[in-house]
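Computation of the quantities below employed the complete heavy-atom set of this structure, encompassing side-chain atoms and omitting hydrogens, waters and symmetry-equivalent molecules.
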2 protein chains.
Amino acid sequence: MPSSTASAGSARRSGTKGVARADREEQIVEVAGQVFAERGFALASVSEIAERAGISKPLIYNYFGSKEGLLVACLRRGGQVLAEEMERTAALGEVGIARALVTLDGVFRVLEPQPWIWRLLNDPTLARTSEVAAIIDVYQDRVAALARDGVGELMHLAGDDDPVDIDAMTHVWSNVFDSLVTWWVDHPDETPASMTARSSRLFAAVFGADRVGLRGR
Amino acid sequence: MPSSTASAGSARRSGTKGVARADREEQIVEVAGQVFAERGFALASVSEIAERAGISKPLIYNYFGSKEGLLVACLRRGGQVLAEEMERTAALGEVGIARALVTLDGVFRVLEPQPWIWRLLNDPTLARTSEVAAIIDVYQDRVAALARDGVGELMHLAGDDDPVDIDAMTHVWSNVFDSLVTWWVDHPDETPASMTARSSRLFAAVFGADRVGLRGR
DNA sequence: GGGTGATATGACTTCGGGGTAAGTTACCAC
DNA sequence: GTGGTAACTTACCCCGAAGTCATATCACCC
């Protein structure tokens, strides 16, 4: 008869499975992140998340309060690891193309175990309520700042200081960054290292090899 | 009492408003395109479209059969005008950056009265059923071909003929094209001509002014 | 002026998704 | 053992959105 910690042989209707809340929450966030990224937040269903996690829907509501609460948990985890990594690469002190490259490299490495983070942070179906927006802004401001710096320098060198040109270029450049990450997310065989090398070759083809070298090389 | 063609003073429950089917269909497609682009197809509601068009929901179903049928009608109209325009600019025989510029210019001009077309054709919430996919592919293949040509040339000049590099670069370049269009869609004050000029300056800043000139200049 | 077909609509059904109430099982402290 | 609590589930409510049916009004033709 069922008495030890392991699950019993036959169907039990309810009752604990011996998983602590913190562990369960982490597992749910992991599954939810994947589902949100696959379908888009608005089109994802909590039922599917529960099913894929092997638990029931009310447990999710018990732990996270609402679908948006679950989203916030995913976003917080994802946003934090990304922000920390960008902080780290920013401290390396690279500039220009090299700065973009080390940032990309860091992002690739951080995203490798959880590629859903990037899709989720760029999910177009997100309703930007205040709490959600606050978390997203942390990382998006960072990407935008990175873009603005590099773009400002590039445009100034080209003799174009029109602020609207710079704004448009920043938008384009942010999308280039995003394109490289999404291409990589769609090609899981690629390692972070090989993807960074690939990005470097692409930059070299556009800007010329002489403008892409890392500092100190 | 109501007998002439114009609407009567007080509430009429049903009956014709004197709008021919073809005209009504065109009006519905126009409104639907805007709503689909705003919310994304999957998140848009037929009721809202009906409301904004000042008609009732069953009329839409009577004319288009289903929500997807309405989408197909929007896509067909949008895809056709874009494909025709790209056909036209392709016949101009420009190459390299200049080809991208005349294509962008054509797209800006065509999109000016209906900017929703671009968003709709790139809607990430679209369920790609066979009929929908067929229409989208017509235009997406065209953009991809445009990208592949230009990218192939650029990469070859840079001495990089790795096919995977070219594939990644094509993806990035398609996104650059898309970025310029979406930036413009978000800045409605900009005329097509000024946006083309702006794009030209941005290309010049990246590639160098000497590589951007149009043929015959 | 009366039938016919096109243009329209109110009221309905169905279904899936978010969210909840109430109960069930297992473990732990005493 | 027994009471409390943490970990769970079944069965339900509510709402909004897709899609349908029966009906109403109008224009036109004779």
message: Would K67(B) and F36(B) count as a cation-pi pair here, with the cationic atom under 6.0 angstrom from the ring centre and within 45° of the axis?
response: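 No, cation not above the ring by the 6.0 Å, 45° rule.
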What's touching nucleotides 2-7 of chain D from the protein side, N or O pairs under 3.5 Å?
{"residue": "dA7(D)", "atom": "OP1", "partner": "R21(A)", "partner atom": "N", "Å": "3.0"}
{"residue": "dA7(D)", "atom": "O3'", "partner": "T16(A)", "partner atom": "OG1", "Å": "2.9"}
{"residue": "dA7(D)", "atom": "O3'", "partner": "V19(A)", "partner atom": "O", "Å": "3.4"}

query: Quick one: are L180(B) and R198(B) in side-chain contact, heavy atoms under 4.5 Å?
result: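 L180(B) does not reach R198(B) side chain to side chain.
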- prompt: Below 4.5 Å, heavy atoms only, C-beta onward: do L202(A) and S199(A) meet side chain to side chain?
  reply: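 Side chain of L202(A) against side chain of S199(A), heavy atoms only: no contact under 4.5 Å found.
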Rounded distance in Å - [atom1] ([X]) to [atom2] ([N]):
X      : N       : atom1 : atom2 : answer
E48(B) : dC15(D) : CD    : P     : 20 Å
Q27(B) : dT7(C)  : CD    : P     : 14 Å
I60(A) : dT20(C) : CD1   : P     : 14 Å
D23(B) : dA6(C)  : CG    : P     : 16 Å
I49(B) : dG19(D) : CD1   : P     : 11 Å
Y61(A) : dC13(D) : OH    : P     : 18 Å
L43(B) : dG17(C) : CG    : C1'   : 13 Å
E68(B) : dA18(D) : CD    : C1'   : 13 Å

Are the aromatic ring centres of [X] and [Y] under 6.0 angstrom apart?
X       : Y       : result
F108(B) : W184(B) : yes
W173(A) : F203(A) : yes
Y139(A) : W118(A) : yes

Pairs under 3.5 angstrom, nitrogen or oxygen only, protein versus nucleotides 10-15 of chain C, please.
none

field: Sole residue of E26(B), R24(B), E30(B) in side chain to side chain contact (heavy atoms under 4.5 Å, CB included) with I28(B)
entry: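 It is R24(B); the other options fail the test.
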message: Just to be sure I understand the rule, does A44(A) reach a base, reach only the sugar-phosphate, or reach nothing, if contact means heavy atoms closer than 4.0 Å?
response: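 Answer is sugar-phosphate: A44(A) comes under 4.0 Å of backbone atoms only.
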task: Identify the heavy atoms of E112(A) and P192(A) that sit nearest to each other, and give their distance.
output: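 Minimum heavy-atom contact is OE2-CD, 3.4 Å.
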field: Residues which pass side-chain hydrogen bond (donor to acceptor under 3.5 Å, both in side chains) with S47(A), listed by chain and number, not counting sequence neighbours
entry: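 In terms of side-chain hydrogen bond (donor to acceptor under 3.5 Å, both in side chains), with neighbours along the sequence ignored, S47(A) is linked to no residue.
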